[in-house]
A.B. asks: 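Supplied in structure tokens, the structure appears directly below.
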Amino acid sequence: IPLENIRNFCIIAHIDHGKSTLADRLLEITGAIKINSGMQVLDKLQVEKERGITVKAQTVSLKYMLNNKEYQLNLIDTPGHVDFSSEVHRSLAACQGVLLVVDANDGVQAQTVANYYLAHGNKLKIIPIINKIDLKNANPEKVEQQLSTIFGINGDEIIKISAKHGTYVDEVLKAVVERIPKPTCVRDKSLKVLIFDSWYDSYRGAVLLVYIKDGIISTGDRITSCNTGKSYEVKLLLLLRPEEEKVNKIYAGQVGCIICKMKYDEASIGDTLYLYGNPVEPLPGFNTTKPMVYAGVYPVDSSQYHSLKNAMDKLTLNDNAVSIINESSPALGQGWRLGFLGLLHMEVFSQRLEQEFDTPSIFTTPGVVYKAKIFGKKNITHYKSDEVYFCNPSHIPNISIVKEMYEPTVLGTIITPGDYYQSILHFCLERRGIEKSNKNIDESRIILQFILPLNEIITDFHDELKRMTSGYASFDYEDYGYQLSDIAKMEILLNGRPVEELSTIVNMSKSVSKAKKICAKLLNVIPRQQFLISIQARIGSKILARENLPALRKDVTAHLYGGDVTRRIKLLQNQAQGKKKMRMIGNIALPRKVFVDLLKT
Ligand code: GDP
Ligand code: MG
């Protein structure tokens, strides 16, 4: 297929606006799948089917005839959720154009805005599409106005469709051919291949999803990685239509899969491959997306440490936005600290671990990375720089050497019906937000911007926002850097002894309420012992909250009425065994479960 006849594009949209449905229709029209095959073909992962969201970008090559010419349209379906924006970023690297899909009823939403600017910034041709015109309360005129107000899009560029019924979807295919430029590639140059996704297949090892930037790749070629310098023989080349089609060659401008017995820890997304002996300048990789949210991950049982490690390695091949470092905790044993792009990202990761690798795990409450500026060399410290980053409360530098504390913030965009303005404002202020702007986008909707501490939005912010607006508000955020913050380490004491793994980092303005909450929760989860336990929360030397857990005499053999001696001995042995597995705080034995209950989300 000549380059003139190839188009590479992706579909981007706010969640639920119909990306996957449109992708299915495009597949049907071009004969790639049978009409009415039902399920969304491109959402392959179990978690995607259950949650009805797209997590991984999927790719498919379509054959399309227009004016007696055959075109190859390479379509990449992308996830719309903020947390998966790294997938969107990557997909864009292989595209020359995008279909920007907007729901005719919901209109422009927070992720529509984010996605638009992403495509715009990558200088891609944008084809605006208003979807779901079949809905009774569809209001395409209003959406048209929003697109014009926010992005300056002309009405005559917009294609109005119903992806569900297939209405005017052929117009979309025509526009792809007519408006999106051909790929800028050179076929008679040395081979240059961009890896933009990869996944692990138990039979074939790493499968690489690639974009051929220059040259031609053939089975049997020897290829070398710019990253590692290692070479591989190309065993198999595939096009996805969406069924795999074996081919002998893939030409520049096309998207396909390479199988070359690469080990999963050698396949890195963003890497460039070249023909052995013909090195090329590596393609610009991807701005490595940096994790925003960190959580500890531990095996449910310490004997599962290795199988969990193995599963995580394989899963991170497919999701390189996750970062991993080793961590251990006296209560939970050996584990890791993982960095995620957001909370949904973290949930999906843990769900995939369990579903695709059958490895249960404990995830601790997520936190963010703080920064401390410390006094310079005059102090005898082991720090290499005067800026210290930490997320684990036990790594917080001693207050005596800290000049200033900082926490990460985001610029949040909220699109909502104007009626909710007051309650959203109140809510964001309570989350320590600062209003930056507010603007009408049509007669009933507004777009708001807030600067918010990341820590305030990583747990339940989005859910709360949805709840208070009956689902009408949408939210997206981008990194806004570090800002001064009044944070401190809050310790928990049991009978006067600090329990390191229960320490947290808190903002002073919320310290008392948080202290009370943790003490009350501990009162419920700590098993009563033969003596009284005082539970205290403190910052520095100041006690912020206190609870007392009354004593209880617990005799495991009490209900046995003497009779069965062997049984009695066995029970006592069990109790002693159990004690060994417990974490001792002074003379208080805390079962692992207490920590799991407290630390997990
Ligand atoms: P995605 O999250 O952008 O991939 O959205 P989906 O394609 O999964 O669609 C979300 C929901 O909208 C599904 O329930 C679809 O059936 C529905 N939907 C998609 N397109 C249309 C359409 O043109 N008309 C109507 N009525 N519903 C649609
Ligand atoms: Mg989808």
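If you're wondering where the values come from, they're calculated on a predicted model, not measured in any experiment. We count ligands from 1, going down the list as the structure has it; atoms in each ligand are counted the same way.
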A.B. asks: Are any of the N or O atoms of Lys132 closer than 3.5 Å to those of ligand 1?
C.D. replies: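 Yes: some nitrogen or oxygen of Lys132 is under 3.5 Å from one in ligand 1.
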
A.B. asks: So, taking the atom named CD1 in Ile161 and the one named CD1 in Ile130, what distance separates them when rounded to the nearest 0.5 Å?
C.D. replies: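 So the CD1 of Ile161 and the CD1 of Ile130 are separated by 10.0 Å.
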
A.B. asks: Of the backbone atoms (N, CA, C, O) and the side-chain heavy atoms from C-beta on, which set of Lys164 has a member under 4.0 Å from an atom of ligand 1: side chain, backbone, both, or neither?
C.D. replies: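 Contact part for Lys164 vs ligand 1: both backbone and side chain.
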
A.B. asks: Please list, one pair per line, the donor and acceptor atoms closer than 3.5 Å that link side chains of residues 410-423 to other protein atoms, with sequence neighbours excluded.
C.D. replies:
unit_1: Thr413; atom_1: OG1; unit_2: Gln449; atom_2: NE2; d: 3.3
unit_1: Tyr421; atom_1: OH; unit_2: Glu435; atom_2: OE1; d: 3.1
unit_1: Tyr421; atom_1: OH; unit_2: Glu435; atom_2: OE2; d: 2.9
unit_1: Ser423; atom_1: OG; unit_2: Tyr420; atom_2: O; d: 3.2

A.B. asks: Do Phe151 and Tyr116 make the cut of ring centroids closer than 6.0 angstrom?
C.D. replies: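 Phe151 vs Tyr116: aromatic centres under 6.0 Å.
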
A.B. asks: Considering only heavy atoms, does Leu135 approach ligand 1 within less than 4.0 Å through its side chain, its backbone, both, or neither?
C.D. replies: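 Side chain only.
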
A.B. asks: For the ring pair Tyr298 and Phe363, is the centre-to-centre distance below 6.0 Å?
C.D. replies: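 No, ring centres 6.0 Å or more apart.
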
A.B. asks: Among Gly166, Ala163, Ala23, Gly18, which one puts a heavy atom closest to atom 23 (O) of ligand 1?
C.D. replies: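 Heavy atom nearest to atom 23 (O) of ligand 1 belongs to Ala163.
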
A.B. asks: Using a strict cut-off of 4.0 Å, indicate which atoms of ligand 1 neighbour a heavy atom of Thr21.
C.D. replies: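 Ligand 1 atoms under the 4.0 Å threshold to Thr21: 6 (P), 7 (O), 9 (O), 15 (C), 19 (C), 20 (N).
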
A.B. asks: Check the pair Leu27, Leu75 against side-chain contact (heavy atoms from CB on, under 4.5 Å), reporting the backbone distance first and the verdict last.
C.D. replies: CA-CA 9 Å; Leu27 263 64; Leu75 155 65; 4.0 Å; yes

A.B. asks: Given that the side chain starts at C-beta and the backbone is N, CA, C, O, which of these parts of Asp134 lies under 4.0 Å from ligand 1, counting heavy atoms, or is it both or neither?
C.D. replies: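 The answer is the side chain.
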
A.B. asks: Tell me the contacting part of Ala13 for ligand 1: side chain, backbone, both, or neither, using a 4.0 Å heavy-atom threshold, strictly below.
C.D. replies: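 Ala13 to ligand 1: no contact under 4.0 Å from either part.
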
A.B. asks: Can you list everything that forms a ring pair (Phe, Tyr, Trp, His ring centres under 6.0 Å) with Phe349? Sequence neighbours excluded, please.
C.D. replies: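 Scan of Phe349 (ring pair (Phe, Tyr, Trp, His ring centres under 6.0 Å), adjacent residues dropped) gives Phe340.
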
A.B. asks: Considering Ile161, Leu22, Ile11, Asp16 one by one, which has a heavy atom nearer to atom 2 (O) of ligand 1 than any of the others?
C.D. replies: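 Going through Ile161, Leu22, Ile11, Asp16 one by one, Asp16 has the nearest heavy atom to atom 2 (O) of ligand 1.
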
